[in-house]
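Note sheet for the following structure.
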Amino acid sequence: MGDMPRKIDVEKLISYSNDLVEVLKDKKDLNGLTQCLDHSKSLHSSCEADFNSVLNSIQDYEKKIEVCKQKTERAKSEVAAEAEVGHLQNELEEELEKERVLQEELRAISNEIKDLERQRIVIEEQKRACKKSEQGELRAQMKLSMYASVTNIIPNLDDQSKISGYIVDRDKNVIKKFKYDPAKQTTYDTCDNIWKTINL
């Protein structure tokens, strides 16, 4: 109430409002999240293919190990030469070692797939949160625009502890500033004072 009404360039204020709208429309964060999600899906697909390939290799080595075991048993039952049995035993141990290595690779790929799935879920949740935030900002922007059109009041949202803003009189090309402390007067008195300022 202590501030005297002063003339301000309305076109500059409108330009500032348009710049604010452009900032609110910026979707870089949402696009970044979408790219991360696409990359995560691609990695997930690649890991699935590696997983299946390693699994097929393990099955092949298990078959080879079974054949080696059968040969070993056959060699033992036929009282084969000790050198042949030793050779077959070495071959069996080599195949078992290969299977162990492949099992470790399979575990590593499985863990990577689980990590990618968790990342995908987190990214999708962030994407949903961004969309919800954008919708909320758009609704708030539309409300603000409607209030400004109906009441000719542009609120100042920087200081939430005070009720302040500008009353725009387009006919007189004048802007009146107002500022009230809710702790020092009732809501009714604040509304009454604002309407009186509008009608001055």
Side-chain angles (χ1 to χ4, degrees), residues 15-147 155-161:
S15 173
Y16 170 76
S17 299
N18 291 337
D19 290 343
L20 179 62
V21 169
E22 289 303 318
V23 168
L24 291 173
K25 287 182 179 176
D26 190 5
K27 296 185 178 178
K28 286 182 182 176
D29 291 341
L30 183 60
N31 291 337
L33 287 174
T34 301
Q35 289 176 358
C36 286
L37 181 59
D38 292 341
H39 182 63
S40 174
K41 287 179 180 176
S42 174
L43 285 175
H44 188 277
S45 176
S46 174
C47 287
E48 286 275 0
D50 290 343
F51 178 90
N52 292 331
S53 174
V54 172
L55 192 59
N56 289 335
S57 297
I58 287 174
Q59 290 172 351
D60 290 339
Y61 278 110
E62 284 176 346
K63 290 177 184 177
K64 289 180 182 179
I65 288 169
E66 186 59 33
V67 170
C68 287
K69 285 180 180 177
Q70 291 174 1
K71 285 182 181 179
T72 303
E73 291 301 320
R74 201 163 39 247
K76 286 180 180 177
S77 65
E78 294 172 359
V79 194
E82 190 175 317
E84 179 66 17
V85 173
H87 173 71
L88 290 173
Q89 187 66 33
N90 289 338
E91 189 177 338
L92 176 62
E93 288 173 359
E94 287 174 4
E95 296 298 332
L96 286 170
E97 178 62 19
K98 288 178 182 177
E99 182 190 23
R100 185 189 65 76
V101 170
L102 286 171
Q103 288 283 8
E104 288 179 0
E105 287 182 17
L106 184 64
R107 276 194 296 273
I109 291 172
S110 179
N111 289 336
E112 190 174 347
I113 288 173
K114 288 177 183 175
D115 288 341
L116 287 170
E117 182 64 19
R118 282 193 290 268
Q119 290 176 17
R120 183 187 65 79
I121 291 170
V122 169
I123 288 171
E124 285 184 347
E125 287 175 352
Q126 289 177 344
K127 188 176 177 180
R128 280 194 295 271
C130 276
K131 282 185 178 178
K132 189 174 181 181
S133 176
E134 282 183 0
Q135 289 171 352
E137 287 178 0
L138 182 60
R139 278 196 296 271
Q141 179 186 336
M142 291 173 69
K143 277 185 182 179
L144 187 61
S145 177
M146 182 188 69
Y147 294 154
N156 180 8
L157 304 177
D158 293 335
D159 186 1
Q160 297 292 326
S161 66

Exercise for the section: Verify side-chain contact (heavy atoms from CB on, under 4.5 Å) between K131 and K127, making sure each step is shown before the conclusion. Expected result: CA-CA 6 Å; K131 282 185 178 178; K127 188 176 177 180; 4.2 Å; yes

Exercise for the section: Would you check if Q126 and V122 make a side-chain contact, meaning some heavy-atom pair closer than 4.5 Å? Expected result: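 Yes; the side chains approach each other to less than 4.5 Å.
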
Practice task
Tell me, yes or no, whether the heavy-atom count around M146 atom CE, taken from other residues, nucleotides or ligands under 6.0 Å, exceeds 12.
Solution key: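 Count over threshold, so yes.
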
Could you give the distance from [atom1] ([X]) to [atom2] ([Y]), rounded to the nearest 0.5 Å?
| X | Y | atom1 | atom2 | result |
| --- | --- | --- | --- | --- |
| I58 | L106 | CD1 | CG | 4.5 Å |
| L116 | I121 | CG | CD1 | 11.5 Å |
| I65 | L92 | CD1 | CG | 6.5 Å |
| C68 | Q70 | SG | CD | 9.5 Å |
| S57 | N52 | OG | CG | 11.0 Å |

Practice task
Keeping to residues at least two apart or across chains, list the salt bridge (Lys or Arg N to Asp or Glu O under 4.0 Å) pairs with something in residues 106-121.
Solution key: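 Pairs touching residues 106-121 that pass the test: D115-R118, E117-R120, R120-E124.
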
Problem - Of all pairs that satisfy side-chain hydrogen bond (donor to acceptor under 3.5 Å, both in side chains), the ones with a partner from residues 94-106, not counting sequence neighbours - result: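 Found E97-R100, R100-E104.
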
Handout entry: Closest non-hydrogen atom pair, V54 against I109
Key =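 Closest approach of V54 to I109: CG2-CD1, 3.8 Å.
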
Exercise for the section: Applying side-chain contact (heavy atoms from CB on, under 4.5 Å) between L138 and each of Q135, E134, Q141, report the one that passes. Expected result: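 Exactly one option meets the side-chain contact (heavy atoms from CB on, under 4.5 Å) with L138, and it is Q141.
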
